[in-house]
Amino acid sequence: MSAVEIAAAVRSGERRAIDVLEEHLARIDEREGQIHAFNTVLADDARAAADAVDAAVAAGGDPGPLAGVPIALKDNLCTRGVPTTCSSRILEHWKPPYDATVVSRLRAAGALIVGKTNLDEFAMGSSTENSAFGPTRNPHDLSRVPGGSSGGSAAAVAAGFATLGLGSDTGGSIRQPASLCGVVGAKPTYGAVSRYGLVAFASSLDQIGPFATTVEDAALLLSTIAGHDPCDSTSIARPFPDLRSGIDGGVDGLRVGIVEELTDVEGITDEVRDAVEAAGRALEKDGARVDRVSLPSSAYALSAYYLIAPAEASSNLARYDGVRYGLRVDAPDVETMNASTRDDGFGAEVKRRIMLGTYALSAGYYDAYYGQAQRVRTLIVRDFARAYERFDVLLAPTSPTVAFEVGARTADPLAMYLSDVCTIPSNLSGDPAISVPWGAVDGLPIGVQVLAPALQEALMFRVARAVEAVAP
Amino acid sequence: MSDGSARISRADVEHTARLARLALTDTEIEQLTEELGKILDHAARVSALDTTDVPPTSHPIELVNVLRPDEVRPSLDSVEVLAEAPVAEDGRFRVPRIMSEEA
């Protein structure tokens with residue numbers, strides 16, 4: 001059952017939230033041991049929330065648009081009194097004293113939080129193998145990764161442990177695992193969703209977004225969590241539309257551009273390229289005008305990203321100093337305590353990025369690395385602006401390949417970084433993008449990406465819905 | 001270092017680790033010297049683009065200072081916050097000595 005169907009059935013009294021929840025908990029019991037989607041399963045809390053929803057319905061009230069819908073939260077979203085680890089030793093035992101804004105909104109909407117999901121430590125990675133608590137496996141093939149960094153949420157939705165999931169996307173961390181797990185995943189416009197209570201990685205790139213099995217469910221979830229929040233001064237101060245209205249409007253007359261540089265990117269497999277071309281032909285049949293478009297600077301997006309994101313991360317992660325929360329390694333003086341705590345508490349990839357960012361920001365290198373990357377970011381923004389003069393939306397691959405084997409890219413950081421080559425441009429520009437499943441090769445899902453201009457989520461979901469409707 | 005081709009040295013890594021407050025082991029320093037060199041070679045591709053007169057983008061949306069009225073509002077409970085501290089004492093975070101003997 002989709003989230004839309006569950007919420008309708010629960011609100012009308014046709015189904016009880018507790019029964020919906022128990023079905024999901026039974027699936028968790030059955031397969032979680034193999035998949036390891038969760039860091040924490042919150043069965044009792046979810047049952048209490050389900051009982052409250054059922055009581056509200058029995059009393060004639062309306063428990064909200066996500067009434068009785070089980071949802072899995074990436075473990076970098078703060079949940080009051082519940083461990084929020086970021087899959088890091090440094091936060092292993094930390095219980096936030098507050099809820100993230102998205103979490104408050106989910107509770108108010110009647111959603112049932114079934115657990116906190118595994119991720120690459122501090123959301124740094126593309127396979128969920130960089131977790132201090134062990135990797136998550138792809139539900140479609142346990143020898144493969146689920147993608148990352150929000151691999152736990154993607155796997156939880158793909159395995160039916162939860163109807164919906166939330167992740168965060170800094171360079172593709174929602175869309176890439178969605179693609180590899182065969183579910184829908186969207187990164188909204190920067191500022192559409194409050195980041196209050198999302199543990200920061202790279203603040204100018206991070207966005208929270210939905211996982212779902214259908215485009216309409218993703219639209220429902222995003223509509224519920226989006227909108228201005230005074231606690232996040234970068235959240236956009238204007239009303240966010242209900243994305244479900246008009247979602248079935250089709251693509252007749254729309255101009256769709258297939259991004260050349262991303263569709264012909266180094267390392268892309270034939271199956272993935274064919275999927276994007278096939279999606280384009282299908283939209284053409286539905287009345288869209290489809291052509292190829294060039295974003296010349298997007299070829300440099302990955303390089304710019306691996307200067308900008310680590311630079312911001314090195315600053316954001318300075319807060320883990322063993323003083324106010326999290327791990328402390330004792331030492332006779334404060335500087336040694338800071339440095340020993342950080343060396344013990346952070347995993348290899350997090351240290352690599354802190355080092356990279358600190359170096360890129362340090363005296364003598366700042367302008368050649370960080371400064372130049374920011375100017376390249378401007379060129380990428382301009383490329384998109386030019387493309388959107390001729391096109392309403394763009395199509396691209398989400399990931400150049402299907403899910404890879406566990407361990408295949410762990411020895412080579414650059415090979416891992418290339419997993420995000422098609423998703424990173426949208427983070428740099430701040431524009432929204434969504435991955436929609438498009439068939440599979442040998443049982444391994446492929447995703448096609450729909451990109452749209454800033455704040456054009458309604459249009460993006462309409463096109464995504466059309467892609468979903470014709471997908472194999 | 002303007003063309004991005006110079007490799008990062010072991011001394012650079014040690015200096016950067018000190019700036020980043022990371023007590024790296026010898027093995028980590030060795031490995032990072034190698035890995036950061038490779039990553040920076042890739043990242044330095046950005047220098048291939050002509051960015052004369054291109055302003056930097058630090059943020060995808062226009063940012064302005066957001067101010068709120070200077071009113072008293074509820075804040076996090078200090079007992080709850082200090083309960084998450086590694087060591088707390090008398091309503092404060094306790095840390096090891098900050099000044100060294102010779103300072």
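What you see is a predicted model; the values in this text were computed from it and never measured. Chain naming here is simple, since letters A, B, ... match the order of the sequence lines and numbering starts at 1 in each.
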If you count heavy-atom pairs under 4.5 Å between each of [options] and chain B, which one has the most?
{"options": "A:Lys351, A:Met355, A:Arg382", "answer": "A:Met355"}
{"options": "A:Thr234, A:Leu428, A:Leu205, A:Val329", "answer": "A:Thr234"}
{"options": "A:Tyr190, A:Tyr370, A:Tyr305", "answer": "A:Tyr190"}
{"options": "A:Leu356, A:Asp412, A:Val381, A:Asn338", "answer": "A:Leu356"}
{"options": "A:Leu307, A:Val323, A:Leu327", "answer": "A:Val323"}
{"options": "A:Ser204, A:Ser303, A:Gly430", "answer": "A:Ser303"}

Check whether [X] gets within reach of chain B through its side chain, its backbone, both or neither, counting any heavy atom under 4.5 Å.
{"X": "A:Phe346", "result": "side chain"}
{"X": "A:Arg80", "result": "side chain"}
{"X": "A:Thr378", "result": "both"}
{"X": "A:Ala301", "result": "neither"}
{"X": "A:Ile236", "result": "side chain"}
{"X": "A:Tyr417", "result": "side chain"}

Which atom of [X] lies closest to which atom of [Y], heavy atoms considered:
{"X": "A:Pro96", "Y": "A:Val82", "answer": "CD-O, 3.2 Å"}
{"X": "A:Asp99", "Y": "A:Tyr196", "answer": "O-CE2, 4.1 Å"}
{"X": "A:Arg377", "Y": "B:Thr57", "answer": "CD-O, 3.5 Å"}
{"X": "A:Ala304", "Y": "A:Ala373", "answer": "O-CB, 3.8 Å"}
{"X": "A:Ala452", "Y": "A:Asp431", "answer": "O-CB, 3.3 Å"}
{"X": "A:Asp232", "Y": "A:Val193", "answer": "OD2-O, 4.1 Å"}

(request) For this output row, return yes or no: ring centroids of B:Phe93 and A:Tyr325 closer than 6.0 angstrom. (result)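 No, the ring of B:Phe93 stays outside the 6.0 Å limit from the ring of A:Tyr325, centre to centre.
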Are the side chain of [X] and the backbone of [Y] linked by a donor-acceptor contact shorter than 3.5 Å?
{"X": "A:Thr336", "Y": "A:Pro332", "answer": "no"}
{"X": "A:Arg324", "Y": "A:Arg319", "answer": "yes"}
{"X": "A:Asp206", "Y": "A:Phe201", "answer": "yes"}
{"X": "A:Arg409", "Y": "A:Met416", "answer": "no"}
{"X": "A:Ser419", "Y": "A:Ser126", "answer": "no"}

Between [options], who has the most heavy-atom pairs with chain A when the cutoff is under 4.5 Å?
{"options": "B:Val64, B:Val81, B:Ile39, B:Leu19", "result": "B:Ile39"}
{"options": "B:Val87, B:Thr25, B:Asp77", "result": "B:Val87"}
{"options": "B:Arg45, B:Arg68, B:Arg94, B:His59", "result": "B:His59"}
{"options": "B:Lys38, B:Glu35, B:His15", "result": "B:Glu35"}

Given that the side chain runs from C-beta out, which part of [X] has a heavy atom under 4.5 Å from chain A: side chain, backbone, both or neither?
{"X": "B:Val66", "result": "side chain"}
{"X": "B:Leu22", "result": "both"}
{"X": "B:Val13", "result": "both"}
{"X": "B:Leu49", "result": "both"}
{"X": "B:Arg18", "result": "side chain"}

(message) Is a donor from one side chain sitting under 3.5 angstrom from an acceptor on the other, for A:Thr189 and A:Glu457?
(response)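 There is such a pair (donor and acceptor under 3.5 Å, judged by atom type) between the side chains of A:Thr189 and A:Glu457.
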